[in-house]
Amino acid sequence: MAKVVAPWPSFGRPLLAVESSCDETSAAVVIGTNVRSNVVSSQADLHRQWGGVVPEAAARRHVEAILPVVDLALDEAGLALEDIEGFAVTNRPGLVGALSVGVCAVKALALATGKPFVGIHHLEGHLLSPFAEGAVVPFPHVALIVSGGHTELVEVAQPGRYRVVGHTIDDAAGEAFDKTARMLGLGYPGGAAIQHLAEGGDPKRYALPKGLKGETLNFSFAGLKTAVMRAVDSGAEPADLAASLQETVVAVLTERTMAAADQCGVDAVTVVGGVSANRRLREMMQREADRRGWRFAAARLDLCTDNAAMIGLAGDFRLGMGLSDTFDLDVVPAADLEAE
Ligand code: KG4
Ligand code: ZN
C-alpha cells in the first residue's frame, strides 16, 4: 500500500465518502490523501432541458444513483464494505433534498458497519482538494473558491481554520460562464464550452466590465452578464465574445487573489472549485504567483468540479482529529465556513 502522506493527523484507513449537494452523485474511497476511486454520476443531461438545476428532480435522481455509485466506488477501489473504516458525507451547504440522500445513505452504511462517520462542509472539500495524492501546499495560504454557486477568497491558516476575506456580492464566477454559454446556445453547464470556444477567439475584441472598482476583495459579475447580453443582442462574434468574457473573469479573479494574499501576508495561493478547471485561469494564476516567487497549487482536473474524493480528504482530516458525528446529524442548506 502506498505510504499515506497528509498535512494533518490523518485517519489513514480506508474511508468511503459521498457527495450529493447539487447535481453530481459521487462516491469515493480514499486512504489518507490517496484517492483509490472517485465515481461521479453527473445529472447535467437531466437539468440541461431546464437550463439549470431543478432541486426536486436532482433529489430524485440522487436516490436512483446513490447505491450503484457507492458499489462502483468500492469495486474500483478493490475493496468490500467490510474494509471501510469510516465514512464522510457532505451535509452542508446545498439543496436540502439532494443533501439528504447522501446523508441518509451514509447513516445507513455507518449503522450497518458500526464505523464512525462525519458530516463535511462542501467548501472544506474544495479547499482541501489540491492536497490529493500527497501534494504539498504550504499553510497559511489564500484560496480562491470559484464554482457555479460560489466565488470566495479564503485565508486558510491550517486545515479547519478558515477566514473569508472576499466574496461575490451577486453572481458567482461560474454563473458568468454558464449564463454566457446559455445566451450563446452552448448548453448547460457552459464553462468548459466557453473555454473551448474562446480558444479560437480574440480576447481583446470586446471590452467588458470587471465589476467592483478600487481596493476591494469582493466581486460583482452582474454587470458583466448584462454587458454580454447586450453584445449577444447586437450580433457579437461568439468566439471573440467567449474569449473576452473568459479574459475579463480570469483577470479579475487573479488580480483579487493576489491582492488578498498580499493583505493576508501569505506567499501561497490555491484555486479550487469547478471554474478552477479553466486552463486560462490556472495559467494566469501560475504566472502571477511565479512573478512574485509564490507557490501556486490547484486540484487535478477531475477533482475541480464536484466530487466525493475531496469530501474524503476532508473526512480523513476530521476523523483523523477524532471528530465524528452522531445519528442526529442534519442537513444545512446555508452554512458558514468560518464556523468550522
Ligand atoms: O464546483 P462545481 O462542480 O459545482 C458547484 O459547487 O457549483 O462547479 C461547476 C461550475 C459551473 O459553473 C461550470 O460551468 C464551471 O464550474 N466550469 C468551468 C470549467 N469547467 C467547469 N468554468 C470555466 N472553465 C472551465 N473549464
Ligand atoms: Zn462545489
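In each ligand, atom 1 is the first atom listed, and ligand 1 is the first ligand listed.
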Please list the nearest protein heavy atom to [atom] with its residue and the distance rounded to 0.1 Å.
{"atom": "atom 2 (P) of ligand 1", "result": "Asp306 OD1, 3.4 Å"}
{"atom": "atom 22 (N) of ligand 1", "result": "Gly191 CA, 3.4 Å"}
{"atom": "atom 24 (N) of ligand 1", "result": "Asn278 ND2, 3.0 Å"}
{"atom": "atom 17 (N) of ligand 1", "result": "Gly274 O, 3.5 Å"}
{"atom": "atom 26 (N) of ligand 1", "result": "Gln195 OE1, 2.9 Å"}

Can you list the atoms of ligand 1 that are under 4.0 Å from a heavy atom of [X]?
{"X": "Gly148", "value": "5 (C), 7 (O), 8 (O), 9 (C), 10 (C), 12 (O)"}
{"X": "Gly174", "value": "12 (O)"}
{"X": "Gly149", "value": "7 (O)"}

Answer yes or no: are there more than 12 heavy-atom neighbours, outside [X] itself, under 6.0 Å from its atom [atom1]?
{"X": "Glu56", "atom1": "CD", "value": "no"}
{"X": "Gln49", "atom1": "CD", "value": "yes"}
{"X": "Arg182", "atom1": "CZ", "value": "no"}
{"X": "Arg292", "atom1": "CZ", "value": "yes"}
{"X": "Arg280", "atom1": "CZ", "value": "yes"}

Should Val165 and Phe219 be regarded as members of a common hydrophobic cluster, given that ILVMFWY residues are connected when their side-chain heavy atoms come within less than 4.5 Å of each other, either directly or indirectly?
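Yes, it is one cluster - the side chains of Val165 and Phe219 are joined through contacts under 4.5 Å.
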Membership question, hydrophobic clusters at under 4.5 Å side-chain separation (ILVMFWY): are Met321 and Trp8 in the same one?
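Linked within one cluster.
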Hey, does the side chain of Ser20 reach the backbone of Ala98 with a donor-acceptor pair shorter than 3.5 angstrom?
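Yes, the answer is positive, given that a donor and an acceptor are paired below the 3.5 Å cut-off.
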Does Glu24, backbone or side chain, put an N or O under 3.5 Å from an N or O of ligand 1?
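No, there is no polar N/O contact under 3.5 Å.
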Mind checking whether Phe327 and Phe117 have ring centres under 6.0 Å apart?
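So the answer is yes for these two rings.
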Less than 6.0 angstrom separating the ring centers of Phe131 and Phe139, yes or no?
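That pair passes the under 6.0 Å test.
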Is it the side chain (CB and beyond), the backbone, both or neither of [X] that lies under 4.0 Å from ligand 1, heavy atoms counted?
{"X": "Asp178", "value": "side chain"}
{"X": "His126", "value": "side chain"}
{"X": "His122", "value": "side chain"}

Strictly under 2.8 Å of the Zn ion (ligand 2): which protein N/O/S atoms qualify?
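Near the Zn ion (ligand 2), below 2.8 Å, one finds His122 NE2, His126 NE2, Asp306 OD1.
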Matching residue for Glu155 among Arg161, Arg163, Gln263, His141 - test: side chain to side chain donor-acceptor pair (under 3.5 Å)
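Running side chain to side chain donor-acceptor pair (under 3.5 Å) over Arg161, Arg163, Gln263, His141 with Glu155 returns exactly one hit, Arg163.
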Gap separating the CD atom of Glu152 from the CG atom of Leu217, nearest 0.5 angstrom:
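It is 12.5 Å, given to the nearest 0.5 Å.
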